[in-house]
Amino acid sequence: MGRNRRRAARISPVAYDRTADAPVRGGEGARGADGERVVEYDDEAPEQLTGLDYYLDERPPHHG
C-alpha cells in the first residue's frame, strides 16, 4: 500500500564533453593507456626508481 510518489526529472541544459570518460579504442593510445606516466618538471632531477627498487626505497626504516 505504498504511496505513488512523483519524481522530478532534473535535466541539465548544459552539454558536457564526456569524451574523457570513455576508454580509447584502437590506435597508439590504447596500448599504453594504463601504463606508468612520468612527467619531468626538472631536467636535472635524479632518475626515478621503478619496480622493486622503488618499493625497497619507500619501505619504512623499522622494516629492516
Side-chain angles (χ1 to χ4, degrees):
M1 294 219 170
R3 188 171 156 191
N4 288 339
R5 296 179 183 223
R6 294 185 299 176
R7 304 257 180 208
R10 294 193 284 185
I11 300 171
S12 176
V14 181
Y16 291 105
D17 180 19
R18 297 288 186 189
T19 56
D21 295 344
V24 179
R25 300 210 184 268
E28 263 319 290
R31 284 187 212 126
D34 290 335
E36 182 177 323
R37 298 176 188 164
V38 177
V39 178
E40 293 185 21
Y41 294 108
D42 187 9
D43 292 336
E44 298 171 7
E47 195 167 322
Q48 293 182 352
L49 299 174
T50 58
L52 182 61
D53 294 331
Y54 171 78
Y55 290 109
L56 291 176
D57 187 54
E58 292 294 318
R59 199 162 58 170
H62 61 276
H63 278 100

Check your understanding: Partners of Y55 by side-chain contact (heavy atoms from CB on, under 4.5 Å), sequence neighbours excluded?
Key -> none
**Study point:** Flag if over 12 foreign heavy atoms under 6.0 Å of CG, D42
**Key:** yes
Exercise for review: Count the heavy atoms belonging to other residues, nucleotides or ligands that lie under 6.0 Å from CD of E58, then report whether that count exceeds 12.
Suggested key: yes
